[in-house]
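Just so you know, ligand 1 is whichever comes first in the structure, and atom 1 is the first atom listed for that ligand. Below, all heavy atoms of this structure are taken into account, side chains as well, without hydrogens, waters or symmetry copies.
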Amino acid sequence: MLIKVHPKRPERSIIAAAARILTRGGIVAFPTETVYGLGANAFDARAVRRIFAVKGRPRDNPLIVHIGRHTDLERVAYRISPLAKRLIDRFWPGPLTLILPKQRSLPRMVSGGRTTVAVRMPAHPVARALLTSVPFPIAAPSANRSGCPSPTRASHVLHDFGNRVELILDGGPTPLGIESTVIDLTTRPARLLRPGALPEETLTHLLPDLQIRTAKRGEAPKSPGLKYRHYAPETPLVLVTGNTARAIRIKLGRALRAAKKQEKRVGIMGSRELLRVLAGDATWTLGARHDLPRIARRLFDGMRELDTRKLDLIFAEGFPARGMGRAIMNRLRKAATRIL
Ligand code: TXA
Ligand code: MG
């Protein structure tokens, strides 16, 4: 069932209904400021197991535990370092996920059998209302079928799961549109495991020795989720990279003409500037090329939209990997079947 809820002032009766479902061991999809999450009581191993099953998620890929009160942190994690406290003070509630040592009382299932746990306190009013209306933390992966683009609208969740989840809270499009930044605080120095909605430049201010995990070939991935193909539309996606907007445009134009010659139906996902000069069978404008927050917000929506257009191929424009651009390029690389 899908119910609309006010994104800023969620109706109390609706939140109470959602809380009842969670308390009974059910699954509720809800908006966060990043993407929609698929939530269950983190202390209910059966409910958590259902999340893995419904999502088709590999058992070794751990979930993020969401909390609504600072006092809940110590129920799921321990050894909260002074650095962790500083990050929490500065960035919670918000799009920052911290990896910490896991409390043994939290079911192993949640963290894929690991001794660490991912925790975050979301800022979205609907997520906050839900989290403060139940006496337990909520384990929630992004509410998409495993491997598919993350859901930035309730309709995406409905598309992926239909009636297999008890309730979808529709709080409109999510404000940031890209997942939280994940930082591992169990190693020294701390490591960035997933670039996300909180840009690294903002974090390095507080964390001067933050190390960036560069995915070297053959290296065992640190964040278990990183080893799977991800965020991908069903249509093959070709990411076009280059040092300048102009270089990308020329390369993309050439690839586009070659595909047309083979009578392929081609979609283009790119900046307003690019789509002013190139045309495909379907297009999705991400935003002005400099407006990385807008591009991030429209990225997954574009992948899903173009997927409905019966295309043979989607060309995606690359962006500078700075600020929000780092998370955008991380998702595009993982979604791509080919990178030019
Ligand atoms: O913005 C977000 O983070 C969204 C919203 C719903 O909060 N959630 C989300 O969850 O993106 P999910 O499950 O799609 O991604 C969680 C990421 C995965 O890459 C997973 O491998 C990593 O966090 N992760 C979770 N627990 C971990 C742990 N103990 N150690 C290392 N990585 C972990
Ligand atoms: Mg996900």
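In this structure, L292 and R289 approach most closely via the heavy-atom pair CD2-O, 4.1 Å.
With ligand atoms numbered from 1 in the order given, ligand 1 contributes 1 (O), 2 (C), 3 (O) to contacts under 4.0 Å with heavy atoms of S180. For ligand 1, the atoms lying closer than 4.0 Å to a non-hydrogen atom of I64 are 3 (O), 8 (N), 9 (C), 10 (O), 16 (C). Close approach of ligand 1 to L193 (heavy-atom distance below 4.0 Å) involves ligand atoms 31 (C), 32 (N). Atom numbering of ligand 1 starts at 1 in the shown order; those under 4.0 Å from a heavy atom of E179 are 1 (O), 2 (C), 11 (O). Using a 4.0 Å cut-off to heavy atoms of A118, the atoms of ligand 1 that qualify are 25 (C), 26 (N), 27 (C). Within ligand 1, the atoms closer than 4.0 Å to a non-hydrogen atom of I99 are 27 (C), 28 (C), 30 (N), 31 (C), 32 (N), 33 (C), numbered from 1 in the order shown. Of all atoms in ligand 1, numbered sequentially from 1 with element shown, those under 4.0 Å from a heavy atom of T34 are 1 (O), 2 (C), 4 (C), 5 (C). Atoms of ligand 1 lying under 4.0 Å from any heavy atom of G37, numbered from 1 in the order shown and given with element: 6 (C).
For ligand 1, the polar-atom distance check finds an N/O of N61 within less than 3.5 Å of one of the ligand's N/O atoms. For the pair R194 and ligand 1, the shortest N or O to N or O distance falls below 3.5 Å. The shortest N or O to N or O distance between R120 and ligand 1 is below 3.5 Å. Considering both main-chain and side-chain atoms, T116 comes within under 3.5 Å of ligand 1 through a nitrogen or oxygen pair. In terms of polar-atom proximity, K55 is not counted as a contact of ligand 1, lacking any N or O under 3.5 Å from an N or O of the ligand.
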W92 and I67: side chain to side chain contact (heavy atoms under 4.5 Å, CB included), yes or no, with the steps? CA-CA 10 Å; W92 278 8; I67 59 172; 3.8 Å; yes

Kindly determine whether R153 and H156 satisfy side-chain hydrogen bond (donor to acceptor under 3.5 Å, both in side chains), including the steps that lead there. CA-CA 5 Å; R153 296 172 181 276; H156 299 161; 4.6 Å; no

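With respect to D170 and K4, a salt bridge is recorded, a charged nitrogen being found less than 4.0 Å from a carboxylate O. In this structure, D160 pairs ionically with R304, as a charged nitrogen and a carboxylate oxygen lie closer than 4.0 Å. R86 has no carboxylate O lying under 4.0 Å from a charged side-chain N of D89, or vice versa, which leaves the two without a salt bridge. Between D281 and K260 there is a salt bridge, since at least one side-chain N of the basic residue sits less than 4.0 Å from a carboxylate O of the acidic one.
Under a 4.0 Å heavy-atom criterion, H66 is in contact with ligand 1.
Neither side chain, T34 nor E179, offers a donor N or O lying under 3.5 Å from an acceptor on the other. Checked by atom type, the side-chain pair T186/T116 shows no donor-acceptor distance below 3.5 Å. Using modelled atom types, one finds no donor on one side chain facing an acceptor on the other under 3.5 Å when comparing D301 with T152.
Of the listed residues (T181, L206, I183), just one forms a side-chain contact (heavy atoms from CB on, under 4.5 Å) with F91, and that residue is L206.
Residue P141 touches ligand 1 through backbone and side chain together, judged by heavy-atom distances below 4.0 Å.
Note on the Mg ion (ligand 2): protein N, O or S atoms under 2.8 Å away count 1, no waters included.
Comparing G196, G39, S142 against atom 9 (C) of ligand 1, the shortest heavy-atom distance belongs to S142. When the options V35, V65, I178 are ranked by their closest heavy atom to atom 4 (C) of ligand 1, first place goes to V35.
For the atom pair CZ (R265) and CZ (R309), the distance works out to 7.5 Å, reported to the nearest 0.5 Å. Interatomic distance, L38 CG to R50 CZ, rounded to the nearest 0.5 Å: 9.0 Å.
In terms of modelled atom types and a separation under 3.5 Å, the side chain of E166 and the main chain of I27 share a donor-acceptor contact.
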